[in-house]
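Take a look at the structure set out below.
When reading the values below, keep in mind they use all heavy atoms of this one structure, side chains included, and skip hydrogens, waters and symmetry mates.
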Amino acid sequence: MPELPEVQMVVNTLAPAIVGRVIHRVNLLRRDILRPEAFNLAGALIGHSVTSVVRRGKRIILRLDDGNRFYIHLGMTGRLTMDSPDAPLLPHTHLVVEFAENQLRFRDPRRFGGIWWLGIDESTDDAKMGPEPLGLRTSRLAKRLARTTRAIKNALLDQSVIAGLGNIYVDESLFKAGIHPLSPANELSADQIAKLNRSIKFTLRKALHHRGSTLRDYFDTNGNPGDFQKLHAVYDRAELPCRKCKTPIERIVMGGRSTHFCPRCQIKK
C-alpha cells in the first residue's frame, strides 16, 4: 500500500497537471468506490476548477474553486494517471475526470481505494487521524504511545496515532531506532522514543528523496517508479543478511501484516 512518501510523490506530480484547470466531464465507472455512494460526483465537479492538491496522511485531497473538497485513497493497488482522451481505457479504471486536453484516470484492480466527498466543512477532517510524522514533536509522540499497550509496530500502523505510516516505513524506522517491533509501545523509554522520532523523520525524508518505494504497483502520476526499495534495511529482506551486522533478517506476521526486523540489532527488552 502506498504510504506517505509514495502518496506525496503522486501529489507532487499530479498538482502541476491539474491545478487551475477546469473539469469538463466526469465518468464514474464504478459507483461502489464513491462515498457516499449515491452522491452526484459529476454534478459537483463539472464546470469547476481544481485549486489545490495536497496530502494528509495517505489521502490525496483535491479542493475546487467553490471550496468543496474530495479525497482519493489509493488503497493497495490504486493509481492516478494523466492520459490523452484517445488512450485505451485499461481494465479496472473506475473514474475518468476530463479536462480540456487530457484526462485524470483512477485505476484500482483490488478496489481497496476509492473517492470520498468531503464538502466544505473541515471541522471533522482530522477526527480520526493522528499528527503528521515529519512535524511531530517527541513529547507529543511519547504521550500518544503512552496510551496504548499494543506492540509498537501495531501502534505506529494505527492512523489515529500517526498519519501516513505503513508497513515499509514502520519496519525501516524501528530498525534504525534499534527497537523490536513487538516491544509494548507504553514501555519504551524516553531515549527510545526520541530516537524513534528521529528515525521516522530520517527514513521518510530519505524515502522522499528517492521518490518512494516501488515493490509492485506504485508509480507516480507521470508513470515513474520510486527507488527507495533498493535501500531497504529490513523490509522485504527476510533471510537476507542485515546490512549492519550480517545476521539474517527475520519475518513474522503481526495483525495479518508482514513484519521484518534484525533479531540482533533489535532486541526485545
Any [X] side-chain heavy atom under 4.5 Å of [Y] side chain:
| X | Y | result |
| --- | --- | --- |
| Asn102 | Arg21 | yes |
| Arg110 | Met76 | yes |
| Leu62 | Ile18 | yes |
| Tyr235 | Val170 | no |
| Arg59 | Trp116 | no |
| Leu188 | Ile152 | yes |
| Leu45 | Asn68 | no |
| Pro241 | Thr247 | no |

[X] and [Y]: side-chain donor and acceptor closer than 3.5 Å?
| X | Y | answer |
| --- | --- | --- |
| Ser258 | Arg251 | yes |
| Glu6 | Tyr169 | yes |
| Thr138 | Asn197 | yes |

In Å and rounded to the nearest 0.5 Å, what is the [atom1] to [atom2] distance from [X] to [Y]?
| X | Y | atom1 | atom2 | value |
| --- | --- | --- | --- | --- |
| Arg264 | Glu250 | CZ | CD | 13.5 Å |
| Arg79 | Thr93 | CZ | OG1 | 10.0 Å |
| His94 | Leu28 | NE2 | CG | 10.0 Å |
| Leu174 | Gln192 | CG | CD | 10.5 Å |
| Thr203 | Phe175 | OG1 | CZ | 10.0 Å |
| Lys230 | Thr214 | NZ | OG1 | 9.5 Å |

Check whether [X] reaches the backbone of [Y] with its side chain - one donor and one acceptor, N or O, closer than 3.5 Å.
| X | Y | result |
| --- | --- | --- |
| Arg31 | Glu37 | yes |
| Asp65 | Ser49 | yes |
| Glu98 | Val96 | no |
| Thr81 | Thr221 | no |
| Gln266 | Phe261 | no |
| Asp83 | Ala87 | no |
| Arg69 | Leu64 | no |
| Arg144 | Pro131 | no |
| His232 | Val234 | no |
| Thr148 | Leu145 | no |

How far apart are the closest heavy atoms of [X] and [Y], and which atoms are they?
| X | Y | result |
| --- | --- | --- |
| Met82 | Ala17 | CG-CB, 4.0 Å |
| Cys262 | Ile249 | CB-CD1, 3.9 Å |
| Gly57 | Ala163 | CA-CB, 3.8 Å |
| Pro248 | Glu239 | CB-O, 4.0 Å |
| Ala146 | Asn186 | O-CB, 3.8 Å |
| Pro2 | Gly75 | CD-O, 3.1 Å |

Do the charged groups of Glu172 and Arg237 touch, with an N to O distance under 4.0 Å?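 No, no charged N to carboxylate O under 4.0 Å.
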Using a strict threshold of under 4.0 Å (side-chain N to carboxylate O), is an ion pair present between Asp171 and Lys153?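 So Lys153 pairs with Asp171 through a salt bridge.
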Kindly check if the number of other-residue, nucleotide or ligand heavy atoms within 6.0 Å of CZ (Arg243) is above 12?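 Buried by this count: over 12 neighbours within 6.0 Å.
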Taking atom NZ of Lys195 as the centre, report whether more than 12 heavy atoms of other residues, nucleotides or ligands fall under 6.0 Å from it.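 12 or below, so no.
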Decide salt bridge (Lys or Arg N to Asp or Glu O under 4.0 Å) for Asp227 and Arg211; before the verdict, give the C-alpha distance in whole Å, the side-chain angles of both, and the deciding distance to 0.1 Å. CA-CA 7 Å; Asp227 61 8; Arg211 304 181 61 83; over 6 Å; no
Pair Val50, Arg63 - check side-chain contact (heavy atoms from CB on, under 4.5 Å), show working. CA-CA 6 Å; Val50 179; Arg63 183 184 293 272; over 6 Å; no
Aromatic rings His210 and Phe228: how do their planes relate, parallel, tilted or perpendicular, breaks at 30° and 60°?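 His210 vs Phe228 ring planes: tilted.
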Would you call the rings of Trp117 and Phe70 parallel, tilted or perpendicular, where under 30° means parallel and over 60° means perpendicular?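 The arrangement is parallel - the two ring planes meet at less than 30°.
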Could you point out which residue of Leu89, Leu29, Leu95, Leu90 forms a side chain to side chain contact (heavy atoms under 4.5 Å, CB included) with Arg105?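 Only match with Arg105 under side chain to side chain contact (heavy atoms under 4.5 Å, CB included): Leu89.
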Tell me whether [Y] is reachable from [X] by hopping between hydrophobic residues (I, L, V, M, F, W, Y) whose side-chain heavy atoms are closer than 4.5 Å.
| X | Y | result |
| --- | --- | --- |
| Leu157 | Ile162 | yes |
| Ile72 | Met1 | no |
| Leu34 | Leu118 | no |
| Val11 | Ile115 | yes |
| Val7 | Val19 | yes |

Check the pair Glu132 / Arg55 against salt bridge (Lys or Arg N to Asp or Glu O under 4.0 Å), numbers first and verdict last. CA-CA 10 Å; Glu132 290 288 324; Arg55 179 194 59 78; 2.7 Å; yes
Please determine whether side-chain contact (heavy atoms from CB on, under 4.5 Å) holds for the pair Leu74 and Phe112, giving the CA-CA distance in whole Å, both sets of side-chain angles, and the decisive distance to 0.1 Å. CA-CA 7 Å; Leu74 298 176; Phe112 286 105; over 6 Å; no
Might you work through the side-chain contact (heavy atoms from CB on, under 4.5 Å) test for Glu3 and Leu204, ending with a clear yes or no? CA-CA 10 Å; Glu3 303 176 30; Leu204 292 176; over 6 Å; no
Could you walk me through whether Arg150 and Asp158 pass salt bridge (Lys or Arg N to Asp or Glu O under 4.0 Å), step by step? CA-CA 10 Å; Arg150 289 175 294 176; Asp158 184 344; 3.0 Å; yes
I'd like to know whether the aromatic ring centres of His24 and Phe99 sit less than 6.0 Å apart in this structure.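 Not under 6.0 Å, so no.
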Between Leu165 and Leu4, does the side-chain contact (heavy atoms from CB on, under 4.5 Å) criterion hold? Intermediate values first, please. CA-CA 6 Å; Leu165 297 181; Leu4 186 154; 5.7 Å; no
